[in-house]
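Just the heavy atoms: all of them, side chains too, but no hydrogens, waters or symmetry mates, feed the values below. Just so we're on the same page: letters track the sequence lines, and every chain starts at 1. Quantities reported herein were computed from a predicted structural model and do not represent experimental measurements.
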Amino acid sequence: MKEGNPAHTTEQASSFKMLRAMVGIGLICALLIVLTFQGTLPRIEKLKAEALEKAIFKVIPGMVKKKTYQLDQKNKLSEVSDDKKGGQLVYVGYDENGKLAGVAVAASGIGFADVISILYGYDLEKQALVGFYVLESKETPGLGDKIEKDPNFLANFGALDVMLNDDKNALKNAVKVVKQGTKKNPWEIDAITGATISSRAIGNILSTSTEQWIPLIIKNKDLFEAHKNEKAQQ
Amino acid sequence: MKEESLWYIFINASLINNFVLAYFLGICPFLGVSGKMETATKMGGAVTFVMLISSMCAYGLHALLTAINAPFLQLISYIVVIASTVQLVEMFIKKMSPALFRALGIFLPLITTNCAILGLALFQTNKGYGFFESFIYALGAGTGFTLALVLMAGLREQLNFAEVPNVVKGTVLTLLIAGILSLSFMGFAGLGSQ
Amino acid sequence: MSNQNKNKENAGFFASLQNSPSTDEFIKGLWRENPVFVQVLGMCPTLAVSNTAENAMAMGLATAFVLLMSNILVSSLRNFVPKQVRIASYILIIATFVTMVDYAIQAISVELHKALGAFISLIVVNCVILGRAEAFASKNTIGKSILDALGMGLGFTFALLCLGSVRELLGNGSIFGLSVFPKSYQEWIVMILPAGGFFTLAVWLLIFNAAKARKATT
Amino acid sequence: MGIFNFHKNTFKHGLHPPEHKGETNGLPIRQFSFAPMMILPVAQHLGSPSEIVVREGQEVVRGQLIAKATGYVSVPLHAPVSGTVRKIANVPTISGKMVSGIYLQTFPYSGQEVLEGTPIDVETATKEEILKGIQDAGIVGLGGAAFPTHVKLKVPEGKTCEVLIINGIECEPYLTTDHRVMLEQADDIFMGIKYLLKVTGAKRVIIGIEANKQDAADHLEKKLPTDLPISVKVVPVKYPQGAEKMLITAILGREVPSGGLPIEVNAVVVNVATTAEIGRLLPHGRGIQERVITITGPGVKKKGNYLIPVGTPLRYVLEQVGAAENISEVYMGGPMMGVAVSNLDISIVKGTSGIVVFTENEIKKQEKVYPCIKCGACVDACPISLNPSKLGILAKFEAYDQMAEDYHLMDCFECGSCSYVCPSHIPLVQYFRLSKSIVRKRKATKQPA
Amino acid sequence: MIHKTLNISTSPHISTGTSTEDIMRNVVWALLPVAAFAVYSFGLSALMVIVTTTAACVLTEHFLCKFSKKESTVSDWSAAISGLLLGLTLPPNFPLWMAFFGGVIAIALGKFIFGGLGYNVFNPALVGRAVLQAAFPVAITTWFPAFSPARFSTFSVATFTFPFMEPATDGFTGATPLSAFKFDHVVGETTDLALGLISGSTGETCAALILLGGIYLVARKMMNWRIPVSIFTTVFVVSGILYLVDSQVYPSPLFMLFSGGLMLGAVFMATDMVASPITPLGVWVYGAIIGLLVVVIRIWGGLPEGVMYAILLANAISPHIDNLIRPRVYGTAKSVKQS
Ligand SMILES: Cc1cc2nc3c(=O)[nH]c(=O)nc-3n(C[C@H](O)[C@H](O)[C@H](O)COP(=O)(O)O)c2cc1C
Ligand SMILES: Cc1cc2nc3c(=O)[nH]c(=O)nc-3n(C[C@H](O)[C@H](O)[C@H](O)COP(=O)(O)O)c2cc1C
Ligand SMILES: Cc1cc2nc3c(=O)[nH]c(=O)nc-3n(C[C@H](O)[C@H](O)[C@H](O)COP(=O)(O)O)c2cc1C
Ligand SMILES: Cc1cc2nc3c(=O)[nH]c(=O)nc-3n(C[C@H](O)[C@H](O)[C@H](O)CO)c2cc1C
Ligand code: SF4
Ligand code: SF4
Ligand code: SF4
Ligand code: SF4
Ligand code: FES
């Protein structure tokens, strides 16, 4: 079944053809990709920024302006640009008067189906969590995704108490999940029946994250406010 | 604060979010070679092996692309680099261990551009895993793939000798079993969340 | 061959279309050679993103687009590319279009991109596309290749929609996000779970098999 | 015996079907009357059929040679009665096949004295002479297989026989032939053993007996000659302990290798009735003309153990003992391994150890066959540790090669234990017999090519 | 003269006399006390659930046989067992339309597609339950207190939910011992557990009656005793070790044995011979796998209970167990494995 291949001598020609073809196609492809990338980049960045903004706005009501800080190795916070990767980020929000409106912290932990990533807002005045937003979760639709949608559950985060103890190095009462309908204290979260595991996961994430961050934020309160002043003056 | 232990990454990729049964990746080889135990184990081995290689390639490539700030080349470079690395490894194995080559060889070209392989590379990049994490993730994904394949092969071999109704025979039966297996694997959901 | 003729006789409306060879290139992908239901190709994306009708639609169209563009390019370059590097060049071409679609979708909606996840990128390895490039576009004219790509692409989209709408309807009580059942409808959550994907596809294939078997006996 | 070595004295798995031996085991052996016409097929043994040496119309004397052996794996046939050869024609056999044979009309008034030949003296005869004597006497295994005994007894070059096992197990329900032989023919048995010891060169002899025949064991023990290395071993009751592989395991704790013969574990197994026959016939140079047969079962009026001439038609036997109105099935052999008879015109042959008659009340009703539910009863029963469930499913789907290659089909010795226990009534042994023959055929056609 | 035409059959000509149908019927007998206790403790709602699933299974079996032009196999009782067991694993206040749906799935997906009795590779009742649990996870984890005073006069509000509609959840729902343990670390009294004075699925609460049924079947040689023994031993040993390591965190082995569906699952469901391995050693391994998975899922998993998943997973493994663990065939040096 071998086709007669009389063109043995054209081997060189064919390898030239191969090269030509690959380079040609490579060029076309590169051109197409780069054009698309350049063409869509501004809009994609805008959309992404908007999405982030929207998320932060959800957790810090009244925010109009934000700054991004990153935690470095030495437990120090410093301002960075938004799309910086690696290291833990917090977003500090300011209201229209330039006053510190709250701090948004991203956190994640293991849920029912996979890792859940959330963003929560902390109000320094009230010493409470005032907002909560799920950035990413693969929890069961219709069940575990109630952590994003269930109004009763979200109501937990209207003002979740995370007051510090007198030494200002730890929470007075750790965040805790209790069975649905048995919430008694402001630092407790009412679980969702049927999605106990997901709602407990949220509780766990919040309790570990707040243990770390709330004291840190309070410690850096001046930094956040100083920045504001600085900017405001300019 | 990503505090996923290596252990969790492994369990997650192999059991909780099994590539085949939860993510629907590698369905084609899953449907294609799960009819016989022997091919299933070999395919499982080959996939795991290619996954490990491509996971390392993807890790390196991602670092490179970040450095030169060319994210748009991600897909193309993953595909090309993974395919050619596997080709190289294949040649290498052929030289070094003909026995291993005979066992895995015919499967390697089939799976170099399989979606489970590429999916693994993309997921690990999205999740921002480091080198070790990527390695364990690939190991878990490969193990999970092999597990699903081997379980299916056992069941299908047994069902070769069953009075399966004609309309169900073939792909339909395999898909239905996959569905039941997928349900069974839900028992692993939430492992490690407590 | 005789089977095909029989199909033509039976198919009424389709038969009139199928009489012209160029419409046949188009029609065959929709039904007779439907990539999912008949050829059982490209199963992974079919199952993975068919949990809602909207996702299925988006995925189907994205795939169809890539299919169309790569068929065009492959077909127009078919005399330019030597045999040895054919597959490599196809992969390059497909990967290019997939990257473009990926950015396009990101530019349209971040939400949609999140829902489809990595599966947009995975169109690259969807064998329907490579298969058509290799089996059809590399041998046919641009015009025919376009028709083929449109047929196959729409056939793929149709199959995805078949799955997506059933899964969304039972699993969420809605279609394209619009509620269909009364509010107190009990969703069958299993349908949006992975298992539901396997089951729904199995049932569709079962229906196809049964139809085929019936046809064979009559 | 005793509780302590209970497990060592038997083999793995097996069953305990109801014995029904009490109905005949107390009845002494009685001579059966001579039928007016004997039917003698020439293929009564495994191996090549014998060749007829008489003419139609010829008169023969009881014990006279009427068909001679046609090779090494073959034995001669002797006239069971004095009479006239009426016809040489094809005669029916139990398998349904017609084979050539002799219709022998009995002299009604003859005294039926037996013709004697050259005696073979156990003290002076050589090994070869004894083997020849056994062949000339037409002796085949009376345990059921009807394999020419002299062939089995010839120890192959390079092998040694260390133990001679006398099989007095009789594990088939209903049958009491060997039991009566042991009780009534002890001297013949010991004489037979003497011959066997000489041919095999065995160093010791063990008579294996199941615990339900304790009286026979005690009787033999009492009469044990002091000059012979014989011991009696009583083993727990279990089917199919009489099968030689199982018996060897029960008595010696050795396993006969798959596909091999007992001699590979230095043993030879001979049935007690065969042994007794050797001991009785050889000193007189006679040929075998009759054997002990248990006739029993709910469908029989005069149950008992009878000494019946070979060639007696089955119809005659049943008429003599009286069959119940509603008889439904007749088996040659026991209910576990015996073969159902479709035609009463067949006759008693050397291998017939019993006739069991069932009425409509006992036979398995047209039992409904269910699919295998993998209950595992058959796996727990199979003495060879096969997986009859899997084999059965494979047979149903005609995967014969896989049965042989992966599931040891050819090791099945068709004991029927699996079928006996199967709640789904799957005809497992029947499947296996068929599958084995198909596999054998496939091998045969493949090998020469 | 004997003129009769004789029957011919192949050997052996006798048999034990037990038939598959007898086995199945006896399993039903053994389950009836369990069902009766379920009705006694949960009342009319439980009765309706059990009747519905049984009817659904039997009807589905009948119609599928008819549809595929086979003789109806309803009379072998196996569909009735599947239905009965499915009913016994559901909550007493489960909406009937869902229960019916589960019964249909159990037979259609769990049995029919594999070729019917004897060929199913998974336990049909559990396939039905697994689909129900994945489809209606809230309804199947909504519990009803045992011994409520009005149980013989009224139904749970959820019972008669209109088909395809969401059940109303009444204020009654109480936690089962397992979820109470998992989420609030409350350990139930073992005697209460053993006697069934708790809430839970209809048939899982009274361990004593379940064991009694099991002992009856074992005594009649209709059940493989090795399976439950192997499961119980594994669960007891593994959870016992954990308990010794830290009795604050891990529940006691007795609690593990008597809570949830373990008893019912180990005695009646893991023992479904069709989907379990066939050799004695294989069966020990199978039981050990189930036991181990139950402990792992209960203690480290997200769900409070894992018996169903453990059995289904072990069902999937059992062809391999049968393939790898084969008794040594008489006269062979080592069992020759399939290459
Ligand atoms: C298919 C399926 C999906 C589930 N998905 C979730 C989920 O996403 N999140 C969750 O917390 N629990 C999930 N569960 C678990 C149960 O719904 C629930 O957590 C458990 O039964 C405890 O519920 P309770 O709140 O009634 O105690 C799921 C269960 C099943 C069967
Ligand atoms: C299942 C089975 C059961 C057997 N049962 C007996 C038995 O009870 N007594 C017996 O002497 N031979 C029995 N045999 C025959 C023996 O295996 C063996 O052939 C015989 O003891 C050898 O002696 P023989 O050649 O003198 O007959 C049985 C064979 C099989 C396969
Ligand atoms: C045999 C059997 C198996 C079961 N398997 C499971 C299971 O795997 N998962 C589950 O959530 N419930 C299962 N159930 C129901 C549980 O037993 C029930 O959920 C248990 O009482 C624990 O309740 P909880 O999930 O609310 O804690 C099963 C019940 C039975 C009778
Ligand atoms: C001891 C025993 C346990 C059984 N358990 C189950 C069971 O858990 N689920 C089921 O559907 N059928 C069960 N059956 C019935 C039967 O095996 C089942 O219908 C088959 O699996 C259908 O092929 C059982 C039968 C027996 C004898
Ligand atoms: S290439 Fe992939 S999708 Fe196509 S048939 Fe093979 S396995 Fe299936
Ligand atoms: S791309 Fe490869 S793995 Fe994916 S469907 Fe096609 S052949 Fe299968
Ligand atoms: S007939 Fe064969 S398979 Fe059945 S028990 Fe006897 S030896 Fe085993
Ligand atoms: S005894 Fe019968 S039903 Fe039981 S496993 Fe064996 S073949 Fe199957
Ligand atoms: S393996 Fe084929 S599309 Fe995933």
Taken in chain and number order and not counting sequence neighbours, the residues that satisfy ring-ring contact (aromatic ring centres under 6.0 Å, His included) with B:Tyr8 are none
Applying a strict 4.5 Å limit to non-hydrogen atoms, the region of B:Met37 in contact with chain E is side chain
Honestly, the part of B:Val150 sitting under 4.5 Å from a heavy atom of chain E is both
Salt bridge flag under 4.0 Å for residues B:Lys94 and B:Glu90 | no
Bottom line for B:Leu173: the part with an atom under 4.5 Å from chain E's heavy atoms is side chain
Smallest heavy-atom separation, E:Ala125 atom then E:Leu85 atom, equals CB-CB, 4.2 Å
Residues pairing under side-chain hydrogen bond (donor to acceptor under 3.5 Å, both in side chains) where one sits in residues 115-124 of chain B, two or more places apart or in two chains, turn out to be B:Ser55-B:Gln124, B:Gln124-B:Ser134
The interface call for B:Leu159 against chain E, heavy-atom contacts under 4.5 Å, is side chain
Look at the rings of E:Phe114 and E:Phe122 and say which category their plane angle falls in: under 30° parallel, 30 to 60° tilted, over 60° perpendicular.
-> tilted
Given E:Val131, E:Ile317, E:Leu313, the one with more heavy-atom pairs under 4.5 angstrom with chain B than any other is E:Leu313
Honestly, the part of E:Asn315 sitting under 4.5 Å from a heavy atom of chain B is backbone
